[in-house]
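Read through the structure below, which is laid out as structure tokens, and then see the notes.
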Amino acid sequence: MNKTVYERIKNKDILIALVNKNDEVVWESSKSPASSLYRAYYAGELNDLGELSLYSNQAGLAVALISPELSIKKCYAIRMSEVGLKKFEENKVEVQYEELIPLVKSSKDDTKVCPVEKFLSEHNDEERWNYMEQNFKNATSTGGACGIF
């Protein structure tokens, strides 16, 4: 575990980050974790990064769903949703988290369930992928490269 990245996540300096096998941050975002990750994925910013560890303030079904596509092998989260945990386990991702919650909360309003998480939890994988592609494929990335691209 990269303790510096984890502390930045815990302090909400950033909300999500990808770290490579050399313990280098290859991508991070301080915006909505799942949407930022998918925007970067569909924009081609996350190609050929090798085996990765995911750090997230909240990890749910959306980031678990994409984990095989990004070669995510480990996930470190402050809060993990129950449906996200199940999917990470299906995808054979090693997970560590501080708190298990039913569904991920909105990154803008912690009193509400994230609408993406709610939709994904009610559908199958094909419908989930269609939803994510429809909503994030043509959007601009909100994450950022961290100097190794």
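Only heavy atoms go into these numbers, but all of them, side chains included; no hydrogens, no water, no symmetry mates.
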Check against side-chain contact (heavy atoms from CB on, under 4.5 Å), Y97 and L85: CA-CA 10 Å; Y97 56 88; L85 178 60; 3.7 Å; yes
Residues K74, E51; criterion salt bridge (Lys or Arg N to Asp or Glu O under 4.0 Å); working and verdict: CA-CA 9 Å; K74 296 179 182 177; E51 192 174 294; over 6 Å; no
side-chain contact (heavy atoms from CB on, under 4.5 Å) between V19 and Y76, worked out: CA-CA 11 Å; V19 175; Y76 303 100; over 6 Å; no
Steps toward side-chain contact (heavy atoms from CB on, under 4.5 Å) verdict (R8, E28): CA-CA 11 Å; R8 289 182 68 207; E28 66 182 35; 3.0 Å; yes
Test side-chain contact (heavy atoms from CB on, under 4.5 Å) applied to Q96 and M1, step by step: CA-CA 10 Å; Q96 291 182 25; M1 175 191 291; 3.6 Å; yes
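Taken to the nearest 0.5 Å, the CG atom of N57 stands 12.0 Å off from the OG atom of S30. Here the straight-line distance linking atom CD of E69 with atom CG of L46 works out to 11.5 Å at 0.5 Å rounding. The line from OH of Y131 to CG of L65 is 12.5 Å long, rounded to the nearest 0.5 Å. Summarising the geometry, atom OG belonging to S32 is positioned 8.0 Å from atom CG belonging to L15; distances are rounded to the nearest 0.5 Å. Note that OG of S56 is 6.0 Å distant from CD1 of I9, once rounded to the nearest 0.5 Å.
The two residues F88 and C75 make their nearest non-hydrogen contact at CZ-SG, 3.8 Å. When all heavy atoms are compared, the tightest approach of L70 to L52 is O-CD1, 3.2 Å. Pairing each heavy atom of F119 with each of E127, the nearest pair is CE2-O, 4.1 Å. Between E45 and W27, the shortest heavy-atom contact is OE1-NE1, 3.8 Å. Nearest heavy-atom pair across V63 and A34 is CG1-CA, 4.2 Å. Annotation for I16 and P33: closest pair CD1-O, 3.7 Å, computed over non-hydrogen atoms.
Salt-bridge annotation for K118 and E122: present, with a side-chain N of the basic residue lying under 4.0 Å from a carboxylate O of the acidic one. Using a 4.0 Å cut-off between a side-chain N of Lys or Arg and a carboxylate O of Asp or Glu, D23 and K3 do not qualify as a salt bridge. Under a 4.0 Å N-O distance rule, the pair E89/K86 does not qualify as a salt bridge. A salt bridge does not link E117 to K105: none of the charged nitrogens lies less than 4.0 Å from a carboxylate oxygen.
Checking side-chain atoms of N2 against main-chain N and O of T4 turns up a donor-acceptor pair under 3.5 Å. Proximity of a side-chain donor or acceptor of N11 to a complementary backbone N or O of D13 within less than 3.5 Å is not detected. With E82 contributing its side chain and L103 its backbone, the two residues share no donor-acceptor pair below 3.5 Å. Formation of a donor-acceptor pair under 3.5 Å by the N91 side chain with backbone atoms of V93 is not found in this model. One N or O on the side chain of R128 and one on the backbone of H123 form a donor-acceptor pair closer than 3.5 Å. For the pair Y38 (side chain) and A62 (backbone), a donor-acceptor distance under 3.5 Å is present.
A 4.5 Å side-chain heavy-atom check between K87 and D125 finds at least one atom pair inside the cut-off. Side chains of M80 and E99 form no contact here, defined as non-hydrogen atoms less than 4.5 Å apart. The closest side-chain heavy-atom distance from L37 to L18 is below 4.5 Å. Annotation: side chain of M132 is not in contact with side chain of K137 (no heavy-atom distance under 4.5 Å).
Linking ILVMFWY side-chain heavy atoms closer than 4.5 Å, directly or via other members, places W129 and L61 in a single hydrophobic cluster. Under the 4.5 Å side-chain heavy-atom criterion for Ile, Leu, Val, Met, Phe, Trp and Tyr, V116 and V104 are members of distinct hydrophobic clusters.
With no hydrogens or angles considered, a side-chain donor-acceptor pair links R39 and S35 at under 3.5 Å. There is no side-chain donor-acceptor pair under 3.5 Å between S81 and Q58.
Here the rule is side chain to side chain contact (heavy atoms under 4.5 Å, CB included) with Y55, and of V5, I78, V25 only V5 fits it.
Ring pair F136/Y42: centre-to-centre distance not below 6.0 Å.
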